[in-house]
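Before any comments, here is the structure.
Lettering follows sequence order; numbering is per chain, from 1. Nothing here was measured: the structure is a model prediction, and the numbers come from that model.
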Amino acid sequence: MATAKDADRVRPALTLTKEELEVEVPEPRLNWMNQWREWGVRVRPGKKGLTLGSLNVGLYGEIPMNWPDRSRNPRGAIGVTGTPPVAIQIKDKVDLWAPCAADLYEEAIQRRWAPATDVDWKAIHPLPEDIERAICQVCTEICQYAIIDVEVITSWQHQMAYGYHEVKQFLATTSLDATRRHEAFRKRALVNGGGLGYEGPCQVSRLLLESSSGWTETVTGLILIRALFTQVMIRYLNRFAYNGVERKIYECVTQDFARLITYGVEHIKYALAHAPDKQGSILTTLAIGFRMFNRDLRDPVLREALAIVFGGGIAGARNEGMLVFYEMLDEYVQELLDACQYLRLPVTIEQLPRVFQKDQRHSADS
Amino acid sequence: MDQQTQNGAEFELDLGWMEKQGEWGTHAEPSKNGLTLADIQVGSYAETPEESRNLSGRPRGAVPRPGSMPIGNYTVRTKSEIWLENASFLYEEALQRQWSSATDIPWDTIEPLPDDVEQAQCQMATFLTEVEFVAGDVPSRWVSKTSPDFYEARNVLMAQVMDESRHMDVFRKRALVNGGGLMRATGATAGFVGGIDLARDFTEMSSRLHLSGEGAVLTIFRMGELMAYNDAEKAIYRLCAQDEARHVAFGVMHMRYMAANAPERREEIESYLDEAEAGMLTDAANPAGQLNQTSESLSIMLGGGRKYFDEGFRKLVSIRKRQLQEYQKRVTSAGFGDRFKNGRSRLGHMMANVAN
């Protein structure tokens with residue numbers, strides 16, 4: 001065992017003034033000593049280091065279904081009573097929990113990246129103007145999504161009880177991911193002779209920002225509509241990328257989205273398992289969300305810009321590019337339905353607006 | 001669509017949006033640090049409005065869409081309320097210096113400590129876990145209220161939220177790694193009037209959080225070598241100090257911008273500083289302050305055990321002085337140094353009573 005004496009030898013000295021050396025030292029009260037709920041904890045690092053999840057041992061791993069304490073007492077510490085509460089509204093585990101949050105948090109940190117230096121910006125080369133304009137328009141809309149994602153997540157984070165710190169910490173990584181996404185796509189728009197484009201429509205964003213009924217409902221829109229769609233879109237953009245700069249951005253962003261979507265799906269699953277009556281509000285949120293999404297999709301800007309990227313220019317956009325766009329939309333719908341099936345949510349393709357239904361789409365277009 | 005495909009007809013395109021794009025022909029060039037936020041401040045994209053009328057979450061420089069709904073809940077729409085000149089630099093540095101508490105701390109260097117020292121370490125870790133919560137939640141809340149036209153400042157705050165999350169987790173890890181556990185919370189960040197949570201104005205919040213609160217903690221982290229018993233603890237304090245220095249820099253640089261660009265708010269800011277100074281030694285959020293729970297645990301850590309409490313307390317007094325001196329330097333750098341000459345500041349009085 002290291003002793004205090006040993007420790008003194010390795011710690012640097014602090015030279016005190018004469019005045020400091022003569023300070024009269026008060027008698028310590030030490031009334032904080034021997035005050036704990038569980039002592040003798042010795043978590044050891046595993047092959048992934050000392051992870052957040054590995055700390056959940058003994059009493060420290062007890063995560064109650066309700067956390068009524070509206071102070072910042074760390075879970076497992078002896079709490080303080082009699083202090084004015086802070087603005088915590090989400091106090092039930094069912095309203096925010098996902099069992100994978102601690103693992104996703106550590107993964108987010110391990111997979112951190114910096115758009116400034118992890119992307120080889122010098123490798124970009126001029127593109128035909130129609131393609132550059134289309135890419136810049138897509139970048140503009142992804143930037144806007146990212147801005148809204150940050151606002152959605154940060155407007156909820158401080159309302160979450162401290163007993164569920166794993167979720168709060170994971171959400172800190174997701175809002176930084178969204179910040180970085182905004183940064184990366186803004187940089188792409190401004191690096192290759194282009195610029196930012198036209199502001200995107202805002203109905204889905206409005207749903208996300210104004211969904212004040214609950215975090216689970218917000219997650220439903222944020223993940224099953226916005227994030228899942230954006231992830232599929234980025235996967236297609238990667239397939240049709242024009243250079244390594246874009247490919248690198250898409251790959252990094254896809255990883256970030258995968259964690260966000262995992263949290264969201266697992267949270268909804270947890271919520272439904274522990275509060276089946278939430279199914280109604282989740283389905284209603286989805287129904288409203290799809291109406292909003294339908295309105296956004298009626299706007300031709302993103303659709304046409306993507307078709308130009310996929311079709312290799314305006315000429316190709318009119319046939320091949322637009323077909324790829326609809327293929328992408330179908331893939332999104334399939335992933336959404338798969339997620340709903342996993343969550344045992346009774347959502348069928350017939351319930352979605354016609355633009356999402358392959359065989360009904362022409363009547364929606366007409 | 002299918003009908004169109006079956007007929008072999010081409011899709012009609014509108015393409016009107018191609019005429020509605022922001023400044024065109026932008027060639028941002030990477031610098032020696034890669035393509036940084038500073039490097040993309042070119043042409044009109046570098047222009048930040050004094051008053052933001054962007055209420056729909058539009059990226060700065062994009063062409064507004066007529067009829068966009070004001071969906072953003074932005075109360076911070078004036079540049080001077082949030083701005084600082086070096087935000088791009090602080091953000092890029094934050095991304096470059098992200099670290100992992102799981103793998104960048106040499107946890108295996110921790111060996112059992114005498115019980116009194118372990119208790120002191122665990123009490124301090126409990127306290128730091130608690131205060132790092134507030135330092136993450138409050139900036140996060142302000143980001144959602146700030147116009148994206150000031151995205152550079154928002155980005156720094158988001159990086160701070162991430163940093164604080166990591167600080168919270170590294171101190172929890174420290175408490176649970178060496179045969180100890182969490183101890184008693186302090187309630188230091190409860191919803192008191194004048195607390196960080198309740199500030200209605202961003203600059204008011206920043207003066208409490210960045211300048212006085214985190215400034216005091218930064219001094220402690222910088223002195224971490226004095227209270228670290230192994231390489232793991234040294235690494236924790238060193239890495240946290242690096243992060244905390246950026247947060248404090250945000251506060252100083254924001255206040256400097258505010259002083260230069262909103263002179264009509266000077267007196268108001270002096271009032272925030274009055275309040276901050278009044279609480280510097282008495283406020284429970286300062287780990288070296290007068291709350292016995294934290295000051296005694298620090299004294300034990302600094303002294304080398306309960307037996308050397310007196311020696312540790314004298315070092316604590318020295319650290320308190322440093323906190324006050326460093327605070328004075330920051331406030332002076334922010335453009336409010338006159339208060340130390342014209343008698344407004346109580347710092348001199350506090351310096352004389354630092355041992356109480």
Hey, is the main chain of [Y] close enough, under 3.5 Å, to the side chain of [X] for a donor-acceptor pair?
X	Y	answer
B/Glu296	A/Arg29	yes
B/Tyr45	A/Leu196	yes
B/Arg65	A/Glu199	yes

Measure distances from [X] to the heavy atoms of chain A and classify the residue's part below 4.5 Å as side chain, backbone, both or neither.
X	value
B/Arg306	side chain
B/Arg172	both
B/Gln96	side chain
B/Asn33	backbone
B/Phe127	neither
B/Lys307	neither
B/Ala94	neither
B/Leu316	neither
B/Thr186	backbone
B/Val134	both

Minimum heavy-atom separation for [X] and [Y], please, with both atom names.
X	Y	value
A/Gly195	B/Thr26	CA-OG1, 4.3 Å
A/Asn34	B/Met183	N-CE, 4.1 Å
B/Thr126	A/Ala77	CG2-CB, 3.9 Å
A/Val80	B/Ala185	CG2-O, 2.9 Å

Would you call [X] and [Y] a side-chain contact if the rule is heavy atoms closer than 4.5 Å?
X	Y	answer
A/Thr173	B/Ser165	no
B/Glu311	A/Leu16	no
B/Gln21	A/Thr140	no
B/Pro148	A/Gln144	no
B/Leu95	A/Pro115	yes
A/Glu19	B/Lys321	yes
A/Gln203	B/Met69	yes
B/Asn73	A/Ser155	no

**Request:** Compute whether any side-chain donor of one residue and acceptor of the other, for B/Trp17 and A/Glu304, lie under 3.5 angstrom apart.
**Result:** yes

**Prompt:** So with a 6.0 Å cut-off around NZ of A/Lys48, is the heavy-atom count from everything else above 12?
**Reply:** no

**Asked** Under the side chain to side chain contact (heavy atoms under 4.5 Å, CB included) criterion, do A/Leu14 and B/Met223 qualify, and how do the steps go?
**Response** CA-CA 9 Å; A/Leu14 175 67; B/Met223 307 298 281; 3.8 Å; yes

Using a cut-off of under 4.5 Å for heavy-atom pairs, which of [options] has the most such pairs with chain A?
options	result
B/Gly61, B/Ser297, B/Ala355	B/Ser297
B/Ser68, B/Ser295, B/Gly43, B/Gly136	B/Ser68
B/Ala102, B/Cys122, B/Ser44, B/Ser318	B/Ala102

Starting at [atom1] of [X], measure out to [atom2] of [Y] and round the result to the nearest 0.5 Å.
X	Y	atom1	atom2	answer
B/Ser100	A/Tyr105	OG	OH	8.0 Å
B/Thr103	A/Glu106	OG1	CD	8.0 Å
B/Arg166	A/Leu52	CZ	CG	13.0 Å
B/Ser101	A/Ile109	OG	CD1	6.0 Å
B/Asp108	A/Arg44	CG	CZ	7.5 Å
A/His165	B/Thr129	NE2	OG1	9.0 Å

**Request:** For A/Trp39, check side chain to side chain donor-acceptor pair (under 3.5 Å) against everything at least two apart and list the hits.
**Result:** none

**Request:** Might you work through the salt bridge (Lys or Arg N to Asp or Glu O under 4.0 Å) test for A/Arg112 and B/Asp104, ending with a clear yes or no?
**Result:** CA-CA 14 Å; A/Arg112 60 194 180 269; B/Asp104 291 334; 3.7 Å; yes

**Test log, rule side chain to side chain contact (heavy atoms under 4.5 Å, CB included), inputs A/Val25 and B/Arg314** = CA-CA 7 Å; A/Val25 179; B/Arg314 291 186 174 110; 3.8 Å; yes

**Item:** chain B contacts, top residue of A/Glu210, A/Lys122, A/Gln137 (heavy-atom pairs, under 4.5 Å)
**Value:** A/Gln137

**Asked** Based on non-hydrogen pairs under 4.5 Å, which of A/Ala87, A/Ser71, A/Ala305, A/Gly82 is most in contact with chain B?
**Response** A/Ala305

**Request:** Given side chain to side chain donor-acceptor pair (under 3.5 Å), test B/Glu130 with A/Tyr162 step by step and report yes or no.
**Result:** CA-CA 9 Å; B/Glu130 189 184 347; A/Tyr162 287 90; over 6 Å; no

**Request:** Output, in order, the C-alpha distance, side-chain angles, deciding distance and verdict of side chain to side chain contact (heavy atoms under 4.5 Å, CB included) for B/Met18 and A/Ile308.
**Result:** CA-CA 11 Å; B/Met18 292 188 113; A/Ile308 292 171; 4.0 Å; yes

Please tabulate, one pair per line, all N/O donor-acceptor pairs under 3.5 Å involving side-chain atoms of residues 185-194 of chain A, not counting sequence neighbours.
from: A/Arg186; atom 1: NE; to: B/Tyr151; atom 2: OH; distance (Å): 3.0
from: A/Arg186; atom 1: NH1; to: B/Arg60; atom 2: O; distance (Å): 2.9
from: A/Arg186; atom 1: NH2; to: B/Arg60; atom 2: O; distance (Å): 3.0
from: A/Lys187; atom 1: NZ; to: A/Glu183; atom 2: OE2; distance (Å): 2.5
from: A/Lys187; atom 1: NZ; to: B/Leu35; atom 2: O; distance (Å): 2.6
from: A/Lys187; atom 1: NZ; to: B/Glu92; atom 2: OE2; distance (Å): 2.9
from: A/Arg188; atom 1: NE; to: A/Glu246; atom 2: OE2; distance (Å): 3.0
from: A/Arg188; atom 1: NH1; to: A/Glu132; atom 2: OE2; distance (Å): 3.1
from: A/Arg188; atom 1: NH2; to: A/Glu132; atom 2: OE1; distance (Å): 3.0
from: A/Arg188; atom 1: NH2; to: A/Glu246; atom 2: OE2; distance (Å): 3.1
from: A/Asn192; atom 1: ND2; to: A/His125; atom 2: O; distance (Å): 3.0
from: A/Asn192; atom 1: ND2; to: A/Glu132; atom 2: OE1; distance (Å): 3.1

**Message:** Salt bridge check, A/Lys168 against B/Glu164: does any charged N sit closer than 4.0 Å to a carboxylate O?
**Reply:** no

**Request:** Check whether A/Val150 gets within reach of chain B through its side chain, its backbone, both or neither, counting any heavy atom under 4.5 Å.
**Result:** side chain

**Prompt:** Is there a side chain to side chain contact (heavy atoms under 4.5 Å, CB included) between B/Asp197 and A/His158 once you walk through the steps?
**Reply:** CA-CA 10 Å; B/Asp197 277 276; A/His158 67 281; over 6 Å; no

